[in-house]
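Below you'll find the structure I mean.
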Amino acid sequence: MSDQTGSAGASAKTPPKTPLWEVFIRSRNGMAHRHAGSVHAADAEMALQAARDVYTRRGEGLSIWVVPSSAISASDPDDRDMLFEPATTKIYRHPTFYDLPEEVENM
């Protein structure tokens, strides 16, 4: 009779998972940090080193933030109507009632 569990052998072959970190880079003083991408790393220090190696190879960064992806809360795209629909009924929030001077071409 064969062993029906099979899970112990399968788990030994899978590589250990490292947490996913989101990388934010500030390019210059006075600018906000912008999301650059993601890296897998065991801890924050290794995530910073990986982010530096991957996203700032050309010296474009001034500072780097790494945040565990598990610490980020995000809305579901399916909830878009519930979250953003109320803004369309409040027309006073849109600057459509102002007369723009002709000198202003784009606003």
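FYI, side chains are in, hydrogens and waters are out, and symmetry mates aren't considered; it's all heavy atoms of this structure.
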Can you tell if the side chain of Ser27 reaches within under 4.5 Å of the side chain of Glu60, non-hydrogen atoms only?
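Not touching, per the 4.5 Å side-chain cut-off.
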Cluster companions of Met31 among Ile, Leu, Val, Met, Phe, Trp, Tyr (side-chain spacing under 4.5 Å):
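For Met31, no cluster forms, as it stays isolated from other hydrophobic side chains.
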Are Val66 and Leu20 co-members of a hydrophobic cluster defined by side-chain heavy atoms under 4.5 Å apart?
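Leu20 does not cluster with Val66.
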Hey, what do you get for CD1 (Ile64) to OG1 (Thr56), rounding to the nearest 0.5 Å?
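It comes to 4.5 Å.
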Apply side-chain contact (heavy atoms from CB on, under 4.5 Å) to Gln49 and list each qualifying residue two or more places apart in sequence or on a separate chain.
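With sequence neighbours excluded, Gln49 shows a side-chain contact (heavy atoms from CB on, under 4.5 Å) to Glu45, given in chain and number order.
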So how far is it from Asp81 CG to Asp78 CG, rounded to the nearest 0.5 Å?
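Going from CG on Asp81 over to CG on Asp78, the span is 9.5 Å.
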Partners meeting side-chain contact (heavy atoms from CB on, under 4.5 Å) with Glu103 (sequence neighbours left out)
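With neighbours one apart ignored, the set is Pro101.
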All side-chain contact (heavy atoms from CB on, under 4.5 Å) counterparts of Asp79, not counting sequence neighbours
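Partners of Asp79 under the side-chain contact (heavy atoms from CB on, under 4.5 Å) test: Asp76, Met82, Leu83.
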Among residues at least two apart in sequence or on other chains, which ones pass side-chain contact (heavy atoms from CB on, under 4.5 Å) with Val67?
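Expected list: Phe24, Ala71, Ile72.
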Tell me which pairs pass ring pair (Phe, Tyr, Trp, His ring centres under 6.0 Å) where either residue lies in residues 47-75, with sequence neighbours left out.
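Matches after skipping sequence neighbours: His33-Trp65.
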N/O donor to acceptor pairs below 3.5 angstrom from side-chain atoms of residues 34-42, sequence neighbours left out:
unit_1	atom_1	unit_2	atom_2	d
His35	NE2	Glu22	OE1	2.6
His35	NE2	Gly37	O	3.2
Ser38	OG	Glu22	OE1	2.8
Ser38	OG	Glu22	OE2	3.1
His40	ND1	Thr18	O	3.1

